[in-house]
*Asks:* 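Pasting in a structure now, in structure tokens, and then I'll have a few things to ask.
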Amino acid sequence: MTRRKLVAGNWKMNGSRAALAELDGIAAAAAAAPNVDVMVAVPFTLIAPAADRAPTLSIGAEDVHEADSGAHTGCVSAAMVKEAGARFTLVGHSERRMDQGETSHDAWAKAAAARRQGLHVISCCGETEAERDADRAERVVQAQIEKSVPDNADGSWFTLAYEPRWAIGTGRTPTLEQIAAIHAIARAKLRTLIGDAADGVRILYGGSVTGDNAATILACDNVDGALVGGASLTAAKFVPIITAAAAL
Ligand code: 13P
């Protein structure tokens, strides 16, 4: 089973209308890499102008609420981000788990809400440093996948992202063996949950991916792309990652 590589950016709480100029270079690189899917998740306020500015890019949200509408002050629904121009959303990012106390069950409910609107979902999992040190990384990721992946998940709308928390924004990455080991376990866990559809689900690696390490990480077994934070904020840093994926 060949899975198209996917390079996704996550701007987190960064960016401005002025920063959307970066999308021009990213869209050009994406057009020059027809064998790679390129997505960029931006803050809610930038979804509409980003989608207007870069109509050929897949622009997405960083989160959605699990309900379709209702009395949830300050929250944003999947239908709202879709209307603004989002084609996908992240769910279960570790920063939301840490900052907002979100759980794997929340990620499951948010994925289902996004699916109801026809959005693609990138669902995040990953262990803390303490969990890795205690040799629990594999079990933690398996449990997160078990609780967060919807029964009807398949690669047409669902992507998993393995992001060890201790590698996010730190410049530290797991060894290639550690990455391959978790991705293999994640694929096996998906298979127990959704059967053969697991073969079509892309599993991204995230955490301090740069133009320097992308080629080796993306070449690991069961690594179908990257979820990129800091290095997605500028075309100068993000384009080399797209190019590395295209060369595989
Ligand atoms: P960095 O690439 O900045 O480490 O962030 C990874 C991440 O959290 C993407 O969702």
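Whatever order the structure lists them in is the order used to number ligands and atoms, beginning at 1.
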*Asks:* CG of Asn213 to CD1 of Ile179: how many Å apart, nearest 0.5 Å?
*Replies:* 8.0 Å

*Asks:* Looking at residues at least two apart in the chain, or sitting in another chain, which of them share a salt bridge (charged side-chain N to carboxylate O under 4.0 Å, His left out) with Lys12?
*Replies:* Glu95

*Asks:* Can you tell me which residue pairs pass the salt bridge (charged side-chain N to carboxylate O under 4.0 Å, His left out) test with a partner in residues 72-93, sequence neighbours excluded?
*Replies:* none

*Asks:* For the residue pair Trp108 and Glu66, confirm or rule out a side-chain donor-acceptor distance under 3.5 Å.
*Replies:* no

*Asks:* Could you check Arg97, Glu127, Glu131 and say which one makes a side chain to side chain contact (heavy atoms under 4.5 Å, CB included) with Arg165?
*Replies:* Arg97

*Asks:* With hydrogens left out, which residues have an atom under 4.0 Å from ligand 1, given that only heavy atoms count?
*Replies:* Asn10, Lys12, His93, Glu163, Ala167, Ile168, Gly169, Gly207, Ser208, Leu227, Val228, Gly229, Gly230

*Asks:* Residues two or more places apart in sequence or in another chain: which of them pass salt bridge (charged side-chain N to carboxylate O under 4.0 Å, His left out) with Arg136?
*Replies:* none

